[in-house]
Amino acid sequence: MAEHNEGWIKTTCAYCGVGCGIEARPKHSGELEIRGDKEHPSNYGKLCTKGIALGETVIHDGRLLSPTLKTSHGNKKLSWEAATTMVAEKFTQTIQEYGSDSVAFYVSGQLLTEDYYVANKLIKGFMGTANIDSNSRLCMASSVVGHKRAFGSDTVPVCYEDIEQAEMVVIVGSNLAWCHPVLFQRLRAAKQENPSLKIVVIDPRKTDTCEIANTHLPIESGSDVALFNGLLSHLIELDELDHEFISSHTDHFDETIKAALAQQDIEEITGLTSQQLIQFYSDFSSSDKVVTIYSQGVNQSSSGSDKVNSILNCHLATGKIGKVGCGPFSVTGQPNAMGGREIGALANTLTAHMEFDNPEHLQLVSDYWQTDTLATKPGLKAIDMFDAIDSGKIKAVWIMATNPMVSLPNSDKIRSALEKCPLVVVSDCIADTETSRLADVVLPAQGWSEKSGTVTNSERRISRQRRILPSPGEAKPDWWIISQVAQKMGFRQAFDYIHEGEIFAEYAKLTTLGNDNFERDLNLIGLTQLDDKGYSQLKPQQWPVTELQDKVINQRLLSNGLFYTPNKRARFVPVSYQAALAKTDDTHPLILNSGRVRDHWHTMSRTGLSPKLAEHTCEPFVQLHADTATKYHILDGQLAKVSNQQGEALVRAKVTSDIAPSQLFMPIHWNETTSKNSKPCTLIANTTDKLSGQPEFKHSAVAISAFTTVSCAVFISNGTVALDNIDYWARQKVAGGYLYRIESTLPVSELATILKEHLKVDGQRLISAESHNGKAQWLVLDNKKTTQLLSVQKGFEEEEITTLIELYVQSDEPANASNIIQTLASDSHSLTPA
């Protein structure tokens, strides 16, 4: 049941690809009460910090509330009728004047499967182009290529329970503890239950994932192919191969052996000792059940596809695939990245695991959608798409539920492209993003807790996201917005959906076409007879779904030794180590790595609304080794400038021994709406894997230097503040408002003068506290309740900032305002109304 005792509603988490089940119910405050769903097979009631805090993030701060036309003369609110008519007419006109390939969609793993499906159907089926790509291109595209080359399809063969049944778990290029926390919790529990379970973490950095590892292999950035070619050579030399499996179920083994044995200088390339290598190789070969978990450290590379296949080769060579406790496991980054791959929201796939190069698939889809304008060739991948926008080949783009100005590499190039594009449409739930600032039309979409549909997690399990709260303003489901535009483009009959259940039913049937004997791995025939009630009450289903799953099942794919290639045999893929494209030199001597922190997500539009989540990591930072800090005269906690030929970023220095002296690490979350000039993507080139089109986010050559400031400020306000003319600021959510940590090259007095202009005094009481010791402070009171608090001085200890936060939060009680005044005045020369 979707709803059960005491008003709890079952839904699915909005964050990573683990796909945790959640139960939620509204609170009188407008927030949600959240708990883990003990019946959901992904998490069995466990949640991470982000999931637990979801209830805090459903507030309406910063929401986009109405369709809006943005012009140089200001913003104009539109009705939905006017907005969708305008978008439809402009896309139609662009296609008529410049052809189908002059338009594009850039979509997101934040979309539900039903949204994804309608977008893909519209652009590929009726607009006649495959220029639709998902931000899954940034996280999973190399895995898709690796899977298709080896297995014949984008098949993830394992189940979560395989992690718990394994004898050895290898974690490659993934900080599982922070990026997929509940999977990490399950692995930690398995380790406690079975102390003999070997866990190996392969990562240039020492991360929290290493806490439960037997071994951490601090591999040199980008050297994974050499490492796994070395493993394959070891397996060959010691004859630790599954010869029967190789001969009966695989092809191209001899060529792959030759490539692996030709790999030289593995110690030098990987930076690992012979002892470390031999121990890892011996443990892999002697363990019958091995799961290799890999993620962005493998995928986000100019050789990401080859990295994936180097891992798959080792599992195929030992037959450690399709069995309990065995297999290569690509863990997805977004809540519905898998759903997007299923419906075809990547430019190089058709839909439902059908392909452009198969004439039968083209005919099946064309007939099913009843269209004669189906795209018949792949479209442009993300980087190429924005290059085409920049060059003028694409003249209209619709960006849905994503923020490419922050997430794509080479931010200046993305800005240039969107500024030149004649039509930029953005549908989002957030009003102010770096991307929406460049839009011509913005359309308000529902957010998590308001929309309804399905998502698919990393183990191919489909779960329902359910509507719990009403939508603010005029926000609508993405599928509805797309369908309204499609109807106005003249495709009413194909997009006349009443609710999302109808879309899912259409999609489920599509997966069965030409798939009677499960020739394709994705088949939802067991869900094709769902009625509205069945869809509403749908329990988690792991595909392929032969019949409706009333109870939890765990099914491994490829367990019968049959693959999805024409001859049903897996393919070994010969790969050779290729160095990352970015090279260090005297000017840019360090390698920049990028990734997530534990308690934030993507561009922080959701997690940035939670005071609890802000406490873990409150501002952008760069992680650097103590030797590096000494060499470049950077102090722990000081601002540092990270730069290269593309740009620069200001971030807080975190000195640590957890990273190599040659490397830096920056988180991806902060951007121009939450900090000043702190995006790593400003520094990342748009170099990609030539097969997958996935950018190389983990390996950029940069320089670092100290950034010296002479004044600091803490500004707490009940609303957001625009601080574009300040050297550095970072925003943090606190109860009842937002805290800005500010640093400047200006003297205290000049910084104070600038910041005082942002105090909102209209009809309220302003109190100032100024002293002779280089401190200036102001308090704005509204009926004795603090609405703004500003403190400017030469520097702050963290304890001082904590005190100011506590004082501001306590001021929610008007009687406590006097406490704030007394505290601010404690070392001040005067305390007077300003």
Side-chain angles (χ1 to χ4, degrees), residues 64 67-76 78 83 86-87 90-91 93-95 97-98 101-108 110-111 119 123 127 129 131-135 137-138 345 347 379-445 478 481-482 485 602-603 605 646-647 668 670-674 677 679-686 688 693 695 724:
L64 180 60
T68 304
L69 175 65
K70 304 179 79 171
T71 71
S72 58
H73 304 294
N75 297 340
K76 178 184 177 183
L78 302 173
M86 176 185 295
V87 172
K90 287 183 176 294
F91 270 100
Q93 181 181 358
T94 302
I95 292 170
E97 290 186 17
Y98 302 104
D101 288 336
S102 67
V103 300
F105 290 176
Y106 187 61
V107 296
S108 164
Q110 298 291 314
L111 294 176
I123 194 164
M127 294 168 76
T129 179
N131 285 342
I132 177 173
D133 215 31
S134 168
N135 56 15
R137 179 70 57 193
L138 310 183
L380 295 175
K381 303 180 180 75
I383 299 298
D384 296 333
M385 178 187 292
F386 281 85
D387 285 347
I389 296 171
D390 191 56
S391 69
K393 294 178 182 177
I394 290 177
K395 299 184 180 298
V397 62
W398 189 347
I399 300 168
M400 305 177 192
T402 189
N403 194 359
M405 267 297 298
V406 178
S407 57
L408 280 173
N410 198 351
S411 301
D412 288 346
K413 181 67 171 289
I414 306 305
R415 178 183 298 278
S416 169
L418 294 179
E419 286 176 342
K420 292 176 184 176
C421 191
L423 176 65
V424 177
V425 179
V426 172
S427 46
D428 206 326
C429 57
I430 301 300
D432 182 28
T433 72
E434 284 197 52
T435 302
S436 68
R437 291 175 181 180
L438 300 171
D440 299 295
V441 181
V442 289
L443 306 173
D478 287 280
I481 300 171
I482 300 161
V485 171
H602 286 198
T603 60
S605 57
Q646 292 186 179
I668 62 174
W670 283 266
N671 59 86
E672 294 298 325
T673 64
T674 50
N677 193 26
K679 286 190 304 184
C681 282
T682 301
L683 306 162
I684 296 170
N686 54 356
T688 64
D724 295 337

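Keep in mind that what you see is a predicted model, and the values were worked out from it rather than measured.
- A pairwise comparison of heavy atoms in Ile414 and Pro404 identifies CG2-O, 4.0 Å as the closest pair.
- In this structure a side-chain-to-backbone donor-acceptor pair under 3.5 Å is present from Ser407 to Asn403.
- Contact record, Ile430 with Ser605: CG1-CB, 3.6 Å, taken as the closest heavy-atom pair.
- Nearest approach of Met385 to Phe105, heavy atoms of both residues: CE-O, 3.4 Å.
- With hydrogens and angles ignored, the 3.5 Å screen pairs no side-chain donor or acceptor of Gln110 with any backbone N or O of Thr402.
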Could you go step by step and tell me if Asp390 and Lys420 meet the salt bridge (Lys or Arg N to Asp or Glu O under 4.0 Å) rule? CA-CA 7 Å; Asp390 191 56; Lys420 292 176 184 176; 3.2 Å; yes

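- Lys413 places no side-chain N or O within donor-acceptor distance of the main-chain N or O of Ile383, the cut-off being under 3.5 Å.
- With hydrogens and angles disregarded, no donor-acceptor distance shorter than 3.5 Å links the side chain of Glu672 to the backbone of Glu434.
- Within the 4.5 Å cutoff, the side chain of Trp398 has heavy atoms near those of the Leu443 side chain.
- Remark: the Asn671 side chain and the Thr603 side chain contain no N/O donor-acceptor pair separated by less than 3.5 Å.
- Remark: side-chain polar atoms of Asp440 are paired, donor with acceptor, to backbone N or O of Val424 under 3.5 angstrom.
- Not a single donor-acceptor pair under 3.5 Å links the side chain of Ser108 to the backbone N or O of Asn135.
- Checking side-chain atoms of Ser416 against main-chain N and O of Asp412 turns up no donor-acceptor pair under 3.5 Å.
- For the pair Pro67 and Pro444, the tightest heavy-atom approach, listed with the atom from each and the gap, is N-CD, 3.4 Å.
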| said: Test side chain to side chain contact (heavy atoms under 4.5 Å, CB included) on Ile481 and Val87; report intermediate values, then the result. | reply: CA-CA 10 Å; Ile481 300 171; Val87 172; over 6 Å; no

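- Judged by distance alone, the side chain of Asp133 and the main-chain N or O of Lys381 form no donor-acceptor pair under 3.5 Å.
- Formation of a donor-acceptor pair under 3.5 Å by the Ser436 side chain with backbone atoms of Ala431 is found in this model.
- Between Lys76 and Thr71, the closest side-chain pair of non-hydrogen atoms is not below 4.5 Å.
- Here Arg415 contributes atom CZ and Glu419 contributes atom CD; the two are 6.0 Å apart, rounded to the nearest 0.5 Å.
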Please assess Phe91 against Val425 for the test side chain to side chain contact (heavy atoms under 4.5 Å, CB included), listing each intermediate value before the final yes or no. CA-CA 10 Å; Phe91 270 100; Val425 179; 4.2 Å; yes

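- Contact detail for Leu418 and Met405: the closest heavy-atom pair is CD1-CG, 4.2 Å.
- For the residue pair Thr68 / Asn75, no side-chain donor-acceptor distance below 3.5 Å is found, with atom types taken as modelled.
- Nearest heavy atom pair, residue Asn686 against residue Asp387, reads ND2-OD1, 3.9 Å.
- Without hydrogens or angle criteria, Asn131 side chain to Asp101 main chain gives a donor-acceptor distance under 3.5 Å.
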